[in-house]
Structure formats: structure tokens, C-alpha cells
Amino acid sequence: MKEIKSEQIKKIMKKLKNNLIIWAIVAICSMAILALSVFMNDLRKGAVFNEVLDNDPKENKFVEASVNLQPIVFAHYPSDNSGKFYFMWDEKYIYIAFLKEETFKKFDVEDIEQNPKVLKGMTKKIPSDIKKLAIKSYNEAVDKDKQISSADFETYFGTLYIDETEVDPIQVTLMLVGIIGWFTGFVMLLAQFIGYRRLKKTIKNMDDNVWEDINKELEEEEAFYYKSAKLALTKNYIVDFSTGLKVFKYNEVLWMYRYELRQNGIKSQMSIILFVKNDKKRHVVASMVGYTKKSKEINREIMDAIMNKNKKMLVGYTKENREKMKEEYQIKA
């Protein structure tokens, strides 16, 4: 790669490298957050369900409970294929849980009494219809002297059940942060990488004499850098840093005009369009987001400076200029 002598170009290169590192870190951290959200329930310790029932019986709390016996299904909603209601047992208590089929199979094993498993989920209030079915199923399974009434229900089962299918809001938040962060990080990392490679390629392919001139002129007192427009004007060159590095000689510019982007009828961005001799293509430079008094002043100042360096080029997007460009240079705009 050619030697970079201009401090301005060195700053651009350094900024691109730093941005590559920053967005790589963002993408990696977001992937870690996304992975954490996926395995969160396995890693996170929930509140003990029986303690929640006794002390703070509220819905939407992340809890866990030990399971020492195989679950027994007693109810399900025909229109709901996400899971069924089961009786569950730990060492001391019986409780109600709503499980997916695959989760039920994990607990429906013969050695569960010797190897208890942990159930995690969100607390939900037990609906009245599920209470009735629970009482009916329980009474059918026990002797008559051990049957319960609706008045006994809370003493046996409490007011809440564990919904294993319900997603923890914290988990959803982490997942969204991870997905958005990773996507943003990846897109920005790719953009910075493309910009960096494009800049290196431009420098590599640039004529050695032109490269020396640009490095020299960018450091002269006459040069002026417009930070908000990402553009520098030197004695002989227009140097645009917005998408890597684009260099134009003043005397090669054929046509220049202002371009204003509108969104929903509101002016939101201002740029300068250049057509030059060597490729006769449309080049967008000095793009500034917003349509403020300051941005209009900078835009006008840049255009005036370029016009002072080239008295022959056409200025303005007019019918006459469009026809002349089409006739003389086969440029359509």
C-alpha cells in the first residue's frame, strides 16, 4: 500500500479501523446476549414455587419446583395445542403445571423418584374451570374419605400454577436486544469493512503522482475540510471521504448541481452532484443529513468554491443544462 502522508487520510483510516473493532465487539456481545436468552431458563435460578405460594402469590414470576413423581395429566383445552395441565409432586407438595408434550416426556420417567428434576416456568392464576377439573380428577383418584371440596382447593394446590410454556418477559427483552444488536452490528461491520477495503483499493489504484499531490495539498493551509460534509477542498482537488475516498480535479468537472432528498414532502438531506470528464457518471458528494441553515451555508460555500476553480462547468439542474450534457457528452440526468 502507498505511504499515507496526509494526517486527514490517516484519521479516516484510523476511524474506519476503530469502527471495525467497535462493531465487531457489538456483534459478538449481541450474539452472547442472544445465546444467553436462549439458554436463560437453564442457567437462571427461579424463586422456589412453594415459597411464592406461601409468601407472595403473584402472577408472572419466574419460579422453579422440584419434581419427584411422574406427572399425571388431568385437563387440556381442545383448541390449545401448546400443552396440557398436569398434577406435579415434589417431596412435600402437590401442585399444578401446564407443560408442553416434550417437557412432560422429560419428567415421565421411572427413575424420577431417585433422580428428581427441576421444573421452571412463570406463575399464572389457576382458572375456575381448571379448578373444577382438578378437584374432579383428584377425587376420582383417592378414597372417599380423602376427597376435597372447592373450599379445600387452595389448601391443597394454592392459587397459582406453573406455566412452563410462558416466555419470561426478561428473556424476550434479551432476545430482542440480541437480535437487533447482532443485526445492527453485522450490517455496520460489513459497511465499515467495505469502506475500508474500498479506500485501500482506491489508494492502490491511484496514479502515484496524483497520490503524492493529494497528500501534499491536504496538508497545505489552503486546504479546507468540511467535517459535516466529509469533504475537503484543496488547491487542485475535490476530495470526498463519505464512501472511502473519491478524488476529482476541479477542471474535470462538467456539471454540478444541488440535490435535495425529500421524505414525506420534507427536505431531509442535501448533497452535491458532480459529473466529470473521465467517466461521465453521477457522483454524490458533500451529503449532509438535515436541512438546516448551517447545512445550506456549507453547501453553498462548497459549490461557490468549486465554481471559482472551474468557470467553464455547467451549474444547476435546468432544462438547458440537461440538454447540453446530453448533446455534448451523452449524459442523461
Side-chain angles (χ1 to χ4, degrees), residues 29-135 137-138 141 153-182:
C29 290
S30 297
M31 280 293 291
I33 292 173
L34 186 58
L36 175 63
S37 71
V38 172
F39 299 104
M40 182 177 170
N41 281 358
D42 294 331
L43 300 173
R44 183 182 176 196
K45 186 172 179 61
V48 178
F49 182 51
N50 287 316
E51 292 180 2
V52 171
L53 286 175
D54 292 338
N55 303 316
D56 190 22
K58 293 181 179 178
E59 289 190 88
N60 300 314
K61 295 188 72 171
F62 183 71
V63 296
E64 63 179 53
S66 176
V67 180
N68 297 74
L69 293 175
Q70 291 169 273
I72 296 178
V73 65
F74 72 88
H76 75 280
Y77 293 112
S79 60
D80 185 358
N81 296 321
S82 61
K84 297 178 181 179
F85 288 91
Y86 295 84
F87 290 129
M88 310 285 285
W89 290 265
D90 62 15
E91 293 179 349
K92 297 181 180 179
Y93 304 98
I94 181 174
Y95 53 92
I96 295 173
F98 186 73
L99 310 178
K100 292 180 288 189
E101 181 67 22
E102 55 266 34
T103 304
F104 162 69
K105 291 178 180 179
K106 292 178 183 178
F107 293 101
D108 189 30
V109 291
E110 294 181 357
D111 67 339
I112 194 167
E113 191 171 353
Q114 292 75 35
N115 298 291
K117 298 179 183 294
V118 176
L119 172 66
K120 295 181 180 182
M122 303 296 291
T123 56
K124 294 291 179 183
K125 186 177 180 180
I126 301 174
S128 58
D129 55 346
I130 297 301
K131 286 182 181 180
K132 292 177 182 178
L133 290 171
I135 293 170
S137 298
Y138 180 82
F153 183 85
E154 290 187 12
T155 303
Y156 278 77
F157 298 101
T159 59
L160 304 171
Y161 72 94
I162 300 177
D163 189 346
E164 179 264 336
T165 68
E166 181 73 13
V167 180
D168 186 349
I170 295 176
Q171 185 179 16
V172 174
T173 301
L174 287 175
M175 189 172 292
L176 287 175
V177 170
I179 292 172
I180 294 171
W182 178 84

Kindly indicate whether the side chain of [X], heavy atoms from C-beta on, has any atom under 4.5 Å from the side chain of [Y].
X: Y86; Y: T103; result: no
X: F157; Y: I135; result: no
X: L99; Y: L119; result: yes
X: I72; Y: W89; result: yes
X: M122; Y: F62; result: yes
X: Y95; Y: I126; result: no
X: M175; Y: L34; result: yes

Taking the six-membered ring for Trp, are F87 and F74 parallel (under 30°), tilted (30 to 60°) or perpendicular (over 60°)?
parallel

Let me confirm one number: the [atom1]-[atom2] distance from [X] to [Y], rounded to the nearest 0.5 Å.
X: F85; Y: D80; atom1: CZ; atom2: CG; result: 8.0 Å
X: E166; Y: S82; atom1: CD; atom2: OG; result: 9.5 Å
X: I179; Y: I33; atom1: CD1; atom2: CD1; result: 11.5 Å

Is there a donor-acceptor pair under 3.5 Å between the side chain of E59 and the backbone N or O of K125?
yes

For G46, does its backbone N or O pair with a side-chain atom of E64 as donor and acceptor, under 3.5 Å?
yes

Can you name the closest pair of heavy atoms from [X] and [Y] and give their distance?
X: E154; Y: T159; result: CD-CG2, 3.4 Å
X: G83; Y: H76; result: O-CB, 4.2 Å
X: A65; Y: I162; result: CB-CD1, 3.9 Å

By side chain to side chain donor-acceptor pair (under 3.5 Å) - contacts of S137 (at least two apart)
none

Derivation of the side chain to side chain donor-acceptor pair (under 3.5 Å) call for K124 and N60
CA-CA 6 Å; K124 294 291 179 183; N60 300 314; 2.7 Å; yes

Contacts table for residues 47-57: side-chain donor-acceptor under 3.5 angstrom, sequence neighbours left out:
| residue | atom | partner | partner atom | Å |
| --- | --- | --- | --- | --- |
| N50 | ND2 | D90 | OD2 | 2.7 |
| N55 | ND2 | E51 | O | 3.2 |
| D56 | OD2 | K61 | NZ | 2.9 |

Under 3.5 Å, which donor-acceptor pairs do the side chains of residues 104-114 form with other protein atoms, sequence neighbours left out?
| residue | atom | partner | partner atom | Å |
| --- | --- | --- | --- | --- |
| D108 | OD1 | Q70 | NE2 | 2.8 |
| D111 | OD2 | N115 | ND2 | 3.1 |

